[in-house]
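Below, read A as the first sequence line, B as the second, and so on, with proteins coming before strands; counting in each chain starts at 1.
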Amino acid sequence: MKNHGVQVRAAIISVSLLAMAMVTSVVAYGQSEPWNSVLSKAKEEGEVSLVSAWGPEPRAAVIRAFKERYNIDVKVLSAGASQSGARILAERRANLFNVDVAVQGANFGVNIMKPAGAFDPAEPALILDEVKNPKAWFGDAFPWFDQDHTMIPFFARLDTNLAVNTDMVKSGEIKSYGDLLKPQWKGKILLTDPTIIGSGSGWFRENGRALGMDFMRALVKQNPVILKNGRQLVEWLARGKYPVLIAGHGESLAHFIKEGTPIAIVEAKDSRTLGPSSGIVSLVNRAPHEAAAKLFLNWILTKEGQTIMTTTIGLPSRRVDVSTAHLLQATVPKQGETYIEYSEQSTKEAKEAEKRAREIFGSLLK
Amino acid sequence: MGLAPNRFAVPQYVKMNKARIGMALLLLVMASMTVYPLAIILYGSLNSGVPGAPGVFTLDGYKEAFGDISIAKVLWTTIWLGAARTILSAALAIFFCWVIVRTDTPWRGSLEFFFWVNFFLPHLPIVLGWILLLDPSFGLVNELLRRSAIDFPLNIYSYGGIIWAHLAFSVSTKVLLLTPAFRNMDAALEEASTTSGSSQFGTLVRITLPLLAPAVLGITLLTFIRSLESFETEFLLGSPAKIYVYSTKVYDMLRWEPPRYPPAMALSSVFMASVIIVVLIYRFVIAGREYSTVTGRGYRPTTIKLGKWKYLTLSVSLIYLAIFTFLPLCVLVMGTFMRIAGMFSLPNPYTLNHWRNVLADPVFLESVTNSFYLAGGAALIGMLFYSLVSYVITKSHIQGGRVLELMTWLPWGVPGVLLAVGILWGVLGTFKFLVILYGTPFLLIIAILIKELPVGVRTMDGALVQIHTELEESARVAGDNWLGTFRRIMVPLLSPAFLAVGVIIFLTAMKEISTIILLYSTDTRVLSVLMLEHYIGNSPEKAMVVGTIITAFVMVTALVARRVGLRIGVRE
């Protein structure tokens, strides 16, 4: 029965994607002259080269869908921000320009690529009305991340930074970060390392704005166990080794909850952030496949592209017409609510924030 | 009647000059492969900017790296942990090599095969498997102990746990590298010992081991150095217990934003210097000794009859392999069929989806093909290149041999990921004509050849020093030239070592990640990279699927190599 259900769901998703592809195709081909020109040039180029933090699953789905839709190959180099940044900048110093599009997190763009002048403004490359329409996006505004309009965040994920094991923590026992300072949680909290880049440093930087450094110092006194491996922390929480996890790896938490482990996300009343995760798309300048890059940029921001992203990665799209029914609802933001949003400015302060995190949490790492 | 002098004969000084030119060329190639990437790391440690980009001279990297008092503890932990497991594993490896090669223990061929399999098991999923078995809270073994009312949980997150998780790999590495040396032993020396009244044990200690000293010392040193840059095990098992080592410290530095290249490279530069010192000590220890065991007097490695004791040696070997090969292998395979590896408490814990997804990935088949090209290319070129370098080091008397030998050790002085940074900047920064290699499989092959230089050359060294020059001299006297001597005398005698080097490089290349991670392109993605992508893409179960596939390829390759080895090798 369960397999039958899975097959039906797969069939519905496939039919929906096909229908969307057909509708978008009709709309697209009826677009303005610039679109037709970009399309024909992109087909001549024949491929688009991406650097992204995607795992193999979203990568495979994008390769298939884009090929099917435009008969253009997508080449994806999957790597984290530091690694891909070091590599792309080394290539550029050697006058090698291999990358067309980057789909990464905020840090990659703000602190690595933009200081090297490696991004093009994306606004002139936006052609499809479906993409440009502000009403299609969360908060009725097109989601520019930076002032120069080079970075477009397409995920709006409510953080899953405070998670508990439901077999060990009663419902309502922890409602906020402040509750963690109670004596009963001393030595029972897991924390992703906030001193190196990752979900821990993101949590410290963004949630620290609301919680304040005094809270962080008080948290140190609770003697949390700090680890670097995100999956290991989530597994320890799921197995009941520890009852509370701060700054756990979002996708791992969503996966474990979906599979039925006793984990729940606490919607902390004293600090909730809205972040783009690794879903910020940018055009890399001096691209070898300029037209294909524009085509891809537009496509990934359509309902079709976003449906593939949200289905395979499991995070909510900023597009309001993309379904969130299959997602962990604790990650889906509600229209009209106020959240602390990741910003260009806060990302620029990453280095300073990491330094502060080392001052505060360093003693626990020795 | 004397022979008339040949007008066309090449004078001796011309021959010597040719040899010197050859040596100079070899030194140049080796320097660009080893010294240059590492010089970039040294330069990076003294530069304020990212190497390859402008910056100013500064010692800040060193101040930052060594300013923290905890670094002394980190370095000490790195050394003693490495030494402890090296000594323990060397003792076990010598025993197993002796069992496999020199005794009549039943099934020893199969035992050797499973040591090979063990060596090539992918690390990451295996360490995850050990956690699943030995975590003090939820480990399956600890669960069994609790049910048996034994309140003594085993803790994998400890010094002992790290040594334990390393032991299998350390022992199998040494078994793999030492067996050719054991095979090339001349039993006449042992027979002379026993005839003179010495016991089997006395012969082992007084004859066998001293003769094997260069191979044992070289390989022990090699594995000790390699153990110092080990990462995955310490990362997963050390952090929860606040056990930090050199490689995890470098990893932390590279994970900062922006990456702290200067202190990471400062730490690595000091580490490289330490490696050189250790190698010089090794050279000093073995200097001036004679280790030839394969001579023209007759070369007969024979087996020692153990009588009923052979069942004891078999039992010990089987228990060891059951714990360190079959158990993690079972955990690895089982994990591929579970929704979340090791979570038996889920309502429906088993699935085939991970296999379906991996096999349906459009880049999977391409990655398989690329892996075979990379591994095959590296093995083929490696066999030729390493044997040439080793021959020059051990058999030629041209000046520069010692420098050449020292260079062969350098690549293991730095973690793989930093070596990759050095190669990347070398290709893209200085040797601009090499840019054409960037993004091609050739650059990956070169990276693998550099990384595996110490093991490839040491394995060939171990075999070459055992062959007495009188064999070559006899062939020359009989009128054969250098090439003919090499083909007819050296190749048959060296075939086990050739095969060992080829297979080691092939299988290491199959699972190598850190050295090629910055150098592969979308067209040259290999299975090991795909495995890492699954792991960082939140799916260790799919990483385990790729790991299982790699292991299957490894087993088939090892089996074929064994068959070939039995045909061409010098066995009992």
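Between chain A and the options B:Val363, B:Leu424, B:Asp135, B:Val74, heavy-atom pairs under 4.5 Å are most frequent for B:Asp135. Per-residue heavy-atom pair counts under 4.5 Å with chain B were compared for A:Arg59, A:His255, A:Glu235, A:Glu57, and the maximum is reached by A:Arg59. Taking chain A as the reference chain and counting heavy-atom pairs below 4.5 Å, the highest number among B:Ala360, B:Ser539, B:Ser345, B:Pro349 is found for B:Ala360. Contact count against chain A (heavy-atom pairs under 4.5 Å) is highest for B:Leu519 among B:Leu530, B:Asn357, B:Leu519, B:Val358. Interface summary for chain B: among A:Ile63, A:Val225, A:Thr261, the most heavy-atom pairs under 4.5 angstrom belong to A:Thr261. Interface summary for chain B: among A:Arg239, A:Glu259, A:Lys75, A:Glu251, the most heavy-atom pairs under 4.5 angstrom belong to A:Arg239.
By the 30° and 60° cut-offs, the orientation of the rings of A:Tyr242 relative to A:Trp236 is parallel. Ring-plane geometry between B:Phe337 and B:Trp355 is classed as parallel, the angle between the planes falling under 30 degrees on a 0 to 90 degree scale with a further cut at 60.
Looking at B:Tyr520, the atoms closer than 4.5 Å to chain A (heavy atoms on both sides) sit in the backbone and in the side chain alike. Heavy atoms of B:Lys542 lying under 4.5 Å from chain A belong exclusively to its side chain. In this structure, no portion of B:Ile71 lies under 4.5 Å from any heavy atom of chain A. Both the backbone and the side chain of A:Arg87 come within contact range of chain B, with heavy atoms under 4.5 Å apart. Neither the backbone nor the side chain of A:Asp193 comes within contact range of chain B; no heavy atoms are under 4.5 Å apart. Contacts of A:Leu227 with chain B are made by side-chain atoms alone, with heavy-atom separations under 4.5 Å and no backbone atom involved. Heavy atoms closer than 4.5 Å to chain A are found in the side chain of B:Ile131, but not in its backbone. Looking at A:Leu96, only its side chain comes within 4.5 Å of chain B, counting heavy atoms on both sides. Neither the backbone nor the side chain of A:Ser84 has a heavy atom closer than 4.5 Å to any heavy atom of chain B. With a threshold of 4.5 angstrom between heavy atoms, A:Arg358 approaches chain B through side-chain atoms but not through N, CA, C or O. With a 4.5 Å cut-off on non-hydrogen atoms, A:Glu91 touches chain B through its backbone and its side chain both.
No salt bridge links A:Glu354 with A:Arg205; every basic N to acidic carboxylate O contact stays at or beyond 4.0 Å.
Nearest heavy atom pair, residue A:Leu315 against residue A:Arg157, reads CD2-CD, 3.1 Å. When all heavy atoms of B:Ala447 and B:Thr515 are compared, the closest pair comes out as O-CG2, 3.7 Å. The heavy-atom pair separating A:Leu237 from A:Leu190 by the smallest distance is N-CD1, 4.2 Å.
Counting non-hydrogen atoms of neighbouring residues, nucleotides and ligands closer than 6.0 angstrom, the NZ atom of B:Lys242 exceeds 12 such neighbours.
Counted by atom type alone, A:Ser346 and A:Glu206 present one or more donor-acceptor pairs between their side chains at under 3.5 Å. Of the N and O atoms on the side chains of A:Thr192 and A:Trp203, not one donor lies less than 3.5 Å from an acceptor on the other residue.
Considering OG of A:Ser278 and CZ of A:Phe108, their distance stands at 10.5 Å, rounded to 0.5 Å.
A distance-only check finds no donor-acceptor pair linking the side chain of A:Lys241 to the backbone of A:Leu233 [under 3.5 Å].
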